[in-house]
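Have a look at the structure below, then the notes.
In this chain, numbering begins with 1 at the start of the sequence shown. These numbers come from a predicted model, not from an experiment.
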Amino acid sequence: MVWRVPPGQAYWRENKGAPNRRAFKRLIVGGSALGCLAFAGDEPVGWVSIGPKPAFDFLVRSRTLGSDLVPSTWSITCFFVPAKWRAKGVAAALLTGAVKLARASGADVVEGYPVAPSKPGKMPAVFAWTGVPRLFAAAGFVPVNPTPRGRSTYRKVLRQRKKNPAGGGRGSNVTR
């Protein structure tokens with residue numbers, strides 16, 4: 001939900017917990033929040049948030065992650081995998097599903113914003129909610145603004161955009 005709220009930490013703090021969960025549920029029921037679920041039998045074992053990049057207020061405002069804000073660029077903003085299901089390929093399966101959803105919905109590009117561990121070794125789960133670079137690289141994403149530590153943009157091109165000869169802006173006249 002943090003990617004979708006108005007600027008400033010005050011809003012987030014004031015709506016933390018149940019209010020944000022209710023707001024997110026309204027977005028899901030209304031079709032404004034998209035994602036993929038992973039199941040083991042009937043048990044949900046993971047979730048990933050994805051959607052058109054302009055739908056995420058944080059990305060619209062971000063100086064480092066906000067480039068290329070055309071509707072055909074989709075963003076993967078959050079993973080959730082319960083502790084007992086981590087390190088079993090659930091996040092990779094969710095990433096694959098998210099890319100398929102984006103492609104089927106007309107996306108030309110999919111971006112993710114993983115965080116690189118500050119130290120070698122395993123990243124604490126609390127900091128890995130956007131994924132880690134290794135996950136995105138294994139799925140064919142490439143870094144477009146790599147940083148040794150912190151958040152980078154990883155991008156996967158699904159279809160090449162064709163430039164509009166009339167100068168209609170980035171991402172117009174997309175080749176399918």
Can you list every pair that meets ring-ring contact (aromatic ring centres under 6.0 Å, His included) and has a residue in residues 31-54, with sequence neighbours left out?
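Of all non-adjacent pairs touching residues 31-54, those that pass ring-ring contact (aromatic ring centres under 6.0 Å, His included) are Phe24-Trp47.
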
Does any part of the side chain of [Y], heavy atoms only, come nearer than 4.5 Å to the side chain of [X], both counted from C-beta?
{"X": "Ile50", "Y": "Thr77", "value": "no"}
{"X": "Val81", "Y": "Val90", "value": "yes"}
{"X": "Val110", "Y": "Thr73", "value": "no"}
{"X": "Thr130", "Y": "Phe79", "value": "no"}
{"X": "Val115", "Y": "Val132", "value": "no"}

So, Tyr113 versus Thr153: side-chain donor-acceptor pair below 3.5 Å or not?
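Thr153 and Tyr113 do not have a side-chain donor-acceptor pair below 3.5 Å.
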
Does Lys156 use its side chain to pair, donor to acceptor, with the backbone of Glu111 at less than 3.5 Å?
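Side chain of Lys156 to backbone of Glu111: no pair is present.
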
Just by distance, do the side chain of Arg159 and the backbone of Val109 share a donor-acceptor pair under 3.5 Å?
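Checked: no pair found.
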
Would you mind writing out the side-chain donor-acceptor pairs for residues 95-105 within the sub-3.5 Å range, not counting sequence neighbours?
{"residue": "Thr96", "atom": "OG1", "partner": "Ala92", "partner atom": "O", "Å": "3.1"}
{"residue": "Ser105", "atom": "OG", "partner": "Leu101", "partner atom": "O", "Å": "2.9"}

Contacts of Phe136 that satisfy ring pair (Phe, Tyr, Trp, His ring centres under 6.0 Å) - sequence neighbours left out
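With neighbours one apart ignored, the set is Phe141.
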
Quick one: salt bridge (charged side-chain N to carboxylate O under 4.0 Å, His left out) pairs with a partner in residues 37-49, sequence neighbours left out?
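Found Glu43-Lys84.
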
Of all the heavy-atom pairs spanning Gly106 and Ser72, show the shortest one and how long it is.
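Here Gly106 and Ser72 meet closest at O-CB, 4.2 Å.
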
Taking all atoms of both residues into account, what is the closest heavy-atom pair of Pro114 and Tyr154, and its distance?
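Shortest heavy-atom contact: CG-CD1, 3.5 Å.
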
Holding to side-chain contact (heavy atoms from CB on, under 4.5 Å), I want the full list of residues that pass it with Pro82, two or more places apart in sequence or in another chain.
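If we apply the side-chain contact (heavy atoms from CB on, under 4.5 Å) test to Pro82, skipping adjacent residues, the hits are Phe80, Trp85.
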
